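All ligand and atom numbering here is 1-based and tracks the order in the structure. Source: prediction; values computed, not measured.
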Amino acid sequence: MTDAELDRLAEIIARALLERPAVADATGRAATWLPTPVRPAPPARGAEPPSWSGAAQDLGDVAPSRDRDWSPRFRAATADLTRATRAAAAGKGPPAERSARAPERRLTRQRPATAPSIDVRVGVSNRHVHLSEADARTLFGSAPLGVSRSLTQPGQFAATETVAVRGPKGTLESVRVVGPARTETQLEIALSDAAALGVAPPVAASGSLGDSIGGVALVGPAGRIELRRGVIVAARHLHLSPADSKRWGLRDGDRLDVRCGVGARAATLHDVLVRSGEGHATELHLDSDEARALGVTTGDSATVIAWRAAGPAKRPLITERDVVRLAREGARIPANAILTPSARDRASALGILDR
Ligand SMILES: [Zn+2]
């Protein structure tokens with residue numbers, strides 16, 4: 001075949017492609033022979049960058065830590081950073097940590113000096129365990145838990161029963177059981193307790209056991225339980241009665257700055273979580289480490305000085321792929337959406353960007 005013949009053949013093929021009539025695809029839209037440009041799919045394990053990025057490499061070999069179980073507490077995992085960044089970009093994450101240089105003014109409202117002060121009672125929580133009914137039976141047999149004394153939160157009581165908690169490094173004797181039974185066993189300890197046991201639980205809101213850890217055993221007179229999860233350091237929180245919630249305009253999920261203590265150890269605690277609703281009595285719960293550091297004890301008073309409303313506004317993040325999908329479904333792009341630059345281009349090309 002000569003060069004001239006090759007050119008001629010190329011021309012015939014090109015003309016045939018151009019003249020080929022548009023056919024409707026399954027969605028009813030006219031399809032051309034040109035494939036829709038598609039971005040490479042994100043890695044299957046969504047939270048982690050692809051291995052070729054280098055970011056997912058373990059730094060342990062270049063910066064070895066003597067105690068590998070503990071080191072992650074001081075260095076955020078790459079996957080966590082990626083997750084947090086994506087969530088923040090989509091307006092879904094918790095507010096980013098504020099640097100000391102740029103305090104967050106927009107979301108935190110300082111209470112005016114003339115406003116009546118909000119004083120709350122402090123309740124110090126020592127280490128304790130909530131048990132599921134099955135676990136209570138395993139540890140103590142079938143008799144119901146005995147009531148030692150009732151607690152401030154309605155219906156809750158310190159039981160007469162205690163358990164020993166055994167960790168890899170040490171044991172905590174006589175850890176109080178708090179009743180009534182819950183759906184899942186939860187061990188709440190202070191960070192100093194965690195150090196004594198040799199475990200590193202996360203700080204988490206009571207009942208949020210997604211990140212909780214196990215690795216300790218509960219030992220009672222009738223039996224023993226190896227916990228695979230349920231161990232947390234309880235996040236500081238303010239229980240709020242429905243009446244006080246209404247009176248002060250604070251809602252479940254709000255975050256507060258609360259000034260605690262008097263004298264040299266007085267300090268303001270940030271990010272105090274509001275837990276409100278039926279069955280809550282107003283009381284600021286701190287753990288024994290926090291209380292000792294601030295020099296406060298149960299019955300002391302603390303003052304709410306600033307608050308931040310629950311949850312940032314949720315704005316969906318729309319990618320180019322989402323735009324194609326929405327266009328195919330005949331759906332609109334949500335008015336509050338954040339669009340990536342390529343999504344914006346694609347949306348205006350498809351004529352579905354009305355902003
Ligand atoms: Zn509490």
Checklist line | Number of protein N/O/S atoms that sit closer than 2.8 Å to the Zn ion (ligand 1) | finding: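 There are 3 of them.
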Notebook entry, point to check: Are more than 12 heavy atoms from other residues, nucleotides or ligands located less than 6.0 Å from atom CZ of R176?
Noted result: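 Counting other residues, nucleotides and ligands, CZ of R176 exceeds 12 neighbours.
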Note to self: How about CG on D3, more than 12 heavy atoms from neighbouring residues, nucleotides or ligands closer than 6.0 Å, or not?
What the structure shows: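 No, the 6.0 Å shell around CG holds no more than 12 heavy atoms from other groups.
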Next item on the list: Check for a donor-acceptor pair, side chain of T282 on one end and backbone N or O of S241 on the other, with a separation under 3.5 Å.
Entry: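 Between the backbone of S241 and the side chain of T282 there is a qualifying donor-acceptor contact (under 3.5 Å).
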Next item on the list: Could you walk me through whether S132 and E184 pass side-chain hydrogen bond (donor to acceptor under 3.5 Å, both in side chains), step by step?
Entry: CA-CA 5 Å; S132 69; E184 190 174 355; over 6 Å; no
Notebook entry, point to check: In terms of side-chain heavy atoms, does Q186 have a donor or acceptor partner in S206 at a distance below 3.5 Å?
Noted result: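 Yes.
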Item checked: Check against side-chain hydrogen bond (donor to acceptor under 3.5 Å, both in side chains), T268 and D257 -> CA-CA 6 Å; T268 297; D257 291 352; over 6 Å; no
